[in-house]
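These figures come from a predicted structure and were not determined experimentally. Along the sequence shown, residues carry numbers from 1.
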Amino acid sequence: MTVRTWYAMLSRPAVTGLAALVVLAGSACGAREPATDAERLARGRDLVQQMSTRLAAATAVRVTTTEVRDLVHASGRKETVSTTGVYTMRRPDRFHTKATGGHGLETWYNGKTLTIAMHADKVFAQAPMPDTIDRTLDALAERYDVPLPMGDLFHSSAAKALLSDTTTGGYTGTENVGSTPAVHLAFKDVGVDRDLWLPVQGEPLPLRLKVVQKSRKGQPSADLTFTAWDFAPQADATFVPKVPAEFEGIAIVQRAAAVKAAATAPAAEPAAPAKK
């Protein structure tokens with residue numbers, strides 16, 4: 001059978017679908033390979049913006065991951081821990097995370113309070129938080145020195161969370177993530193390096209994200225591979241904290257700079273841990 005007769009046998013919907021697939025592939029790969037640093041950065045920013053637009057359109061999402069993370073101990077010793085994760089978010093003010101492996105970290109955010117449980121250590125903590133996911137993610141990084149690599153993707157604009165005016169790098173080429181052809185983007189910024197892999201074809205949803213915190217002790221990295229995306233999760237009960245009765249309540253310590261800044265502001269009543 002010739003190519004001409006094969007094409008003629010396709011129905012119009014099939015031809016339209018094939019054309020759309022070609023357009024998606026062309027959008028990911030571009031008309032030609034970028035040849036300069038400026039072109040590589042522009043291509044990378046464009047692809048991140050496509051991803052950001054898709055994620056921002058979702059009112060709720062659940063994603064599962066496999067992860068390799070560095071834990072840096074007080075002594076400076078670095079330990080590599082492998083975990084699996086489930087992340088659930090509903091805009092504008094709910095998220096839940098659960099890791100299997102390591103400390104067994106689980107978190108709940110309900111628009112007012114963040115509850116953190118470490119199942120391996122049988123402890124939990126609570127702290128008051130702002131009223132949106134964006135502001136809470138910022139507070140975790142700024143007040144408590146707890147940056148969440150996955151949090152950048154939950155931001156209302158992932159592009160703004162991931163990239164700044166000082167970001168360099170961008171498109172590096174194509175390679176496989178597992179068996180899926182992917183575009184590899186590599187960005188450098190003040191205190192952080194990020195590598196992001198997006199599919200060559202189909203929806204611009206992350207396949208893999210690696211973050212290196214260069215400004216933190218030991219420069220820990222987190223390498224997340226995304227295994228499934230669900231944009232219609234049944235999640236109402238997921239956001240309600242479920243802390244075992246035998247867990248001990250502990251305090252969440254704020255950064256010294258945040259404490260100093262808060263000293264000039266009116267004092268707020270501390271929130272005592274309360275199991276739900």
Side-chain angles (χ1 to χ4, degrees), residues 51 54-55 58 60-73 77-91 94-110 114-125 133 136-137 140-141 144 146-155 158 161-162 175-182 184-185 192-199 202-213 216 218-244 247:
M51 176 199 72
R54 174 63 184 95
L55 293 174
V61 61
R62 175 176 289 142
V63 59
T64 58
T65 64
T66 59
E67 308 180 13
V68 179
R69 294 174 176 265
D70 290 334
L71 297 179
V72 181
H73 297 268
R77 181 176 65 88
K78 186 184 293 187
E79 177 185 0
T80 300
V81 177
S82 297
T83 65
T84 59
V86 180
Y87 300 82
T88 308
M89 175 273 295
R90 187 175 69 199
R91 301 189 194 280
R94 297 287 190 279
F95 70 71
H96 170 256
T97 75
K98 185 172 184 179
T100 301
H103 288 282
L105 184 68
E106 187 170 11
T107 66
W108 299 264
Y109 166 68
N110 63 4
L114 180 75
T115 302
I116 301 174
M118 290 189 287
H119 290 274
D121 304 293
K122 295 187 177 182
V123 297
F124 80 104
I133 292 172
T136 293
L137 293 172
L140 284 172
Y144 300 100
V146 183
L148 300 177
M150 182 66 194
D152 292 333
L153 301 182
F154 279 174
H155 199 279
L162 291 166
E175 59 190 68
N176 280 8
V177 174
S179 60
T180 303
H184 180 196
L185 311 177
V192 63
D193 291 345
R194 294 185 178 92
D195 287 77
L196 177 66
W197 289 260
L198 297 171
E203 287 200 280
L205 298 173
L207 296 169
R208 182 182 170 196
L209 172 67
K210 182 177 181 180
V211 179
V212 180
Q213 300 288 342
R216 295 172 65 86
Q219 298 191 350
S221 68
D223 194 339
L224 292 72
T225 298
F226 303 96
T227 56
W229 290 86
D230 177 6
F231 290 94
Q234 300 300 313
D236 285 351
T238 304
F239 305 116
V240 179
K242 299 177 181 65
V243 180
F247 279 26

Specify the closest pair of heavy atoms between V72 and P220, including all atoms of both residues, with the distance to one decimal. CG2-CB, 4.0 Å
Decide yes or no for W229 and P206: does some side-chain heavy atom of the first lie under 4.5 Å from some side-chain heavy atom of the second? yes
How close do H155 and R91 get, heavy atom to heavy atom, and via which atoms? O-NH1, 3.6 Å
Test side-chain contact (heavy atoms from CB on, under 4.5 Å) on N110 and R94; report intermediate values, then the result. CA-CA 5 Å; N110 63 4; R94 297 287 190 279; 4.3 Å; yes
Please report the shortest heavy-atom distance between R54 and L205, naming the atom on each side. CG-CD2, 3.7 Å
Between the side chain of T83 and the main-chain N/O of G101, is any donor-acceptor distance below 3.5 Å? no
In the structure I gave you, are the side-chain heavy atoms of F247 and H119 within less than 4.5 Å of one another anywhere? yes
Quick one: closest heavy-atom pair of P181 and N176, and the distance? CA-OD1, 3.3 Å
How are the rings of Y87 and F154 set to each other: parallel, tilted or perpendicular (split at 30° and 60°)? perpendicular
Distance check, rounded to the nearest 0.5 Å: D70 atom CG versus R216 atom CZ? 11.5 Å
Using the rule side-chain contact (heavy atoms from CB on, under 4.5 Å), only one of D236, V61, I133 pairs with R90; which is it? D236
Criterion side-chain contact (heavy atoms from CB on, under 4.5 Å) against R208, the qualifying member of D223, L224, L198: D223
Any side-chain to backbone donor/acceptor pair from K242 onto A237? Under 3.5 Å, distance only. yes
To check you understand the geometry: which heavy-atom pair defines the closest contact between F231 and A58, and what is its length? CD2-CB, 3.5 Å
For atom NZ of K78, is the number of surrounding heavy atoms from other residues, nucleotides or ligands below 6.0 Å larger than 12? yes
Let's go through L153 and V63 carefully: what are the C-alpha distance in whole Å and the side-chain angles of both, what is the deciding distance for side-chain contact (heavy atoms from CB on, under 4.5 Å) to 0.1 Å, and is it a yes or a no? CA-CA 11 Å; L153 301 182; V63 59; over 6 Å; no
Would you find a donor on one side and an acceptor on the other, under 3.5 Å apart, between the side chain of W197 and the backbone of K210? no
From L207 atom CG to H184 atom NE2, the distance as rounded to the nearest 0.5 Å: 12.0 Å
With heavy-atom distances below 4.5 Å as the criterion, would you say the side chains of V81 and H103 are in contact? no
R62: what forms a salt bridge (Lys or Arg N to Asp or Glu O under 4.0 Å) with it, not counting sequence neighbours? none
One should read off an interatomic distance between M89 CE and T238 OG1, to the nearest 0.5 angstrom, of 13.5 Å
Just wondering, do R69 and P149 contact through their side chains at under 4.5 Å, heavy atoms? yes
Quick one: are T64 and T84 in side-chain contact, heavy atoms under 4.5 Å? no
Evaluate side-chain contact (heavy atoms from CB on, under 4.5 Å) for V211 paired with V192, printing each intermediate quantity in order. CA-CA 7 Å; V211 179; V192 63; 3.7 Å; yes
Quick one, L162 and R194 - any side-chain contact, counting heavy atoms below 4.5 Å? yes
Pairwise distance CD(E106) to OG1(T97) - rounded to 0.5 angstrom: 7.5 Å
Can you name the one residue among F239, Y109, W108 that meets ring-ring contact (aromatic ring centres under 6.0 Å, His included) with F95? Y109
Looking only at heavy atoms, the pair that brings T65 and T227 closest together is N-OG1, 3.9 Å
